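A short worksheet on the structure shown next.
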Amino acid sequence: MQTVLFEHLGTLSYQKAWDYQQEVFDRIFDVKKQNRQLKEEQTPTPNYLLFCQHNPVFTMGKAGSLDNLLLSEKELNQKGIEYFEINRGGDVTFHGLEQLIGYPILDLMNFKQDLHWYFRELEEVIIQTMQTYNLDAGRVEGLTGVWIDPNSENPRKICAIGIRASRWITMHGFALNVNTDLSYFDLIIPCGIKDKEVTSLEKEVGKKINMQEVEQRVKQQFEKRFNVKIV
C-alpha cells in the first residue's frame with residue numbers, strides 16, 4: 001500500500017499554492033531522476049495530497065476561451081479577484097473561500113500509468129463523498145467534474161476537476177464547492193458550459209457544512225479509491 005503525505009496549506013493566494021505545487025513536483029521528479037542513474041537500489045518516490053482554500057481567483061486552463069470570462073481586467077481588479085492562465089486542462093473556473101481545493105501530487109508510476117483512470121478515480125472520490133451526505137452525485141456524459149442529480153433535467157455542478165501530468169507526476173486537482181459564494185460564478189461561463197447550474201454542498205443540504213468534516217470525508221474516500229494510507 002502506498003503512503004500519501006498530507007499537508008493542509010490553509011488559506012493562501014493562488015500564486016503561492018501554484019509555486020508550492022511546483023516545489024513538491026520537483027521533489028518527486030528529483031527522486032525519479034536519481035533513480036534512473038542508479039543501477040540497483042531505487043528510492044521510492046513520495047506522493048502528496050495538499051488541501052487549501054484560495055482568496056477569490058479565476059483560473060483559465062489551456063483549452064479555455066477568454067470569451068468565458070465576462071469581466072475586464074479593470075473590473076477584476078475593482079472586485080479584488082485575481083486571474084491566472086495556467087497549465088492544467090479545461091476552461092475557466094473560480095476558486096474562493098469555503099471551497100475545498102485538493103491538489104494530489106502523485107507519481108502515477110506508483111499507481112497506474114493511465115490519465116483517464118486517474119481522472120475517473122478523482123471524480124469517484126468526490127462522488128462517494130457526496131453520497132455520505134445523501135446526495136445523488138455522478139457524471140454527466142461529455143462533461144467533466146462531479147454533478148448533483150446527474151441524470152435529471154437539471155444537473156448541477158458541485159466540483160470542478162482539472163489536472164496536468166508530466167513524467168507521470170500529477171498537478172492541480174479538484175475544487176469542491178462547500179459553503180462557497182456562488183455569485184462569483186455569474187461572472188464567468190464556468191468551464192465554458194452555458195446551460196448548466198453550479199451548486200454547493202451548503203445549497204444542496206440546506207445548511208452550512210463544517211469544512212473540517214468535509215475534508216475528513218474526502219480524505220477517507222481518497223484512501224479507499226486509491227488504496228493508500230494518508231499520513
Side-chain angles (χ1 to χ4, degrees), residues 1-9 12 14-37 42-52 54 57-65 84-95 99-129 139-140 142-146 157 159-176 190-192 218-219 221-231:
M1 179 182 288
Q2 292 287 327
T3 295
V4 173
L5 304 171
F6 174 75
E7 291 185 56
H8 201 302
L9 306 181
L12 73 172
Y14 189 83
Q15 185 67 61
K16 285 187 176 179
W18 195 5
D19 290 345
Y20 190 63
Q21 279 194 79
Q22 188 63 54
E23 181 183 317
V24 173
F25 176 96
D26 290 342
R27 283 183 215 162
I28 300 173
F29 177 67
D30 286 346
V31 174
K32 289 170 78 89
K33 187 177 178 181
Q34 290 167 6
N35 283 341
R36 283 202 302 268
Q37 296 168 352
Q42 302 279 296
T43 302
T45 48
N47 306 288
Y48 293 82
L49 176 61
L50 312 178
F51 278 179
C52 66
H54 289 316
V57 59
F58 292 132
T59 66
M60 181 76 74
K62 292 186 294 182
S65 168
F84 290 91
E85 294 181 0
I86 61 174
N87 58 358
R88 61 161 169 79
D91 208 293
V92 66
T93 195
F94 168 73
H95 298 316
Q99 182 189 63
L100 175 57
I101 307 292
Y103 294 132
I105 307 182
L106 311 177
D107 181 0
L108 290 183
M109 293 182 75
N110 292 331
F111 298 91
K112 190 173 182 178
Q113 291 168 252
D114 184 333
L115 290 180
H116 181 79
W117 168 85
Y118 174 63
F119 206 99
R120 297 288 84 79
E121 289 301 304
L122 272 189
E123 288 175 337
E124 199 62 34
V125 167
I126 303 302
I127 289 169
Q128 296 296 327
T129 302
R139 302 174 181 85
V140 173
L143 301 176
T144 63
V146 175
K157 192 170 191 176
C159 183
I161 297 179
I163 64 171
R164 174 179 183 263
S166 177
R167 302 175 181 89
W168 295 111
I169 306 170
T170 66
M171 286 182 69
H172 304 292
F174 60 84
L176 173 62
C191 302
V218 170
K219 285 163 70 175
Q221 296 302 325
F222 193 94
E223 286 186 320
K224 289 180 183 177
R225 295 305 309 180
F226 286 93
N227 189 30
V228 296
K229 179 67 177 174
I230 294 177
V231 298

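Everything numeric in this text was worked out from a predicted model, so none of it was measured.
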Name all residues meeting the side-chain contact (heavy atoms from CB on, under 4.5 Å) criterion together with [X]; count only those two or more places apart in sequence or in a different chain, and write none if there are none.
{"X": "Asp26", "result": "Gln22"}
{"X": "Glu7", "result": "Leu9, Tyr20, Arg27, Tyr48, Leu50"}
{"X": "Glu223", "result": "Val228, Lys229, Ile230"}

Taking the side chain from [X] and the backbone from [Y], do they hold a donor-acceptor pair closer than 3.5 Å?
{"X": "Arg139", "Y": "Arg120", "result": "yes"}
{"X": "Gln221", "Y": "Ile126", "result": "no"}
{"X": "Thr59", "Y": "His95", "result": "no"}
{"X": "Gln2", "Y": "Phe226", "result": "no"}
{"X": "Asn35", "Y": "Thr43", "result": "yes"}

How far apart are the closest heavy atoms of [X] and [Y], and which atoms are they?
{"X": "Ala175", "Y": "Ile101", "result": "CB-CD1, 3.7 Å"}
{"X": "Leu12", "Y": "Ala17", "result": "CD1-N, 3.8 Å"}
{"X": "Gly173", "Y": "Pro104", "result": "CA-CD, 3.9 Å"}
{"X": "Val31", "Y": "Pro44", "result": "CG1-O, 3.9 Å"}

Report the distance from atom [atom1] of [X] to atom [atom2] of [Y], rounding to the nearest 0.5 Å.
{"X": "Gln21", "Y": "Tyr14", "atom1": "CD", "atom2": "OH", "result": "6.5 Å"}
{"X": "Leu108", "Y": "Tyr118", "atom1": "CG", "atom2": "OH", "result": "6.5 Å"}
{"X": "Trp168", "Y": "Met109", "atom1": "CH2", "atom2": "CE", "result": "9.0 Å"}
{"X": "Phe29", "Y": "Gln34", "atom1": "CZ", "atom2": "CD", "result": "10.5 Å"}
{"X": "Leu122", "Y": "His172", "atom1": "CG", "atom2": "NE2", "result": "13.0 Å"}
{"X": "Phe119", "Y": "Leu115", "atom1": "CZ", "atom2": "CG", "result": "10.0 Å"}

Practice prompt. Dump the intermediate steps for side-chain hydrogen bond (donor to acceptor under 3.5 Å, both in side chains) on Asp19 and Gln15, then the final yes or no.
Written response: CA-CA 6 Å; Asp19 290 345; Gln15 185 67 61; 2.9 Å; yes
### Task
Report yes if the side chains of Ile161 and Thr144 come closer than 4.5 Å at any heavy-atom pair, otherwise no.
no
TODO: Determine whether Ile169 and Lys32 make a side-chain contact, defined as any pair of heavy atoms from C-beta on separated by less than 4.5 Å.
DONE: yes
Below 30° counts as parallel, above 60° as perpendicular, anything between as tilted: where do the rings of [X] and [Y] land?
{"X": "Tyr103", "Y": "His54", "value": "tilted"}
{"X": "His8", "Y": "Phe6", "value": "perpendicular"}
{"X": "Phe51", "Y": "Phe174", "value": "perpendicular"}

Paired with Glu121, the side chain to side chain donor-acceptor pair (under 3.5 Å) test is passed by just one of His116, Lys112, Arg225, namely Arg225
| Knowing that exactly one of Thr170, Asn110, Asp107 qualifies, which makes a side chain to side chain donor-acceptor pair (under 3.5 Å) with Asn47? |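 One option only clears the test, and that one is Asn110.
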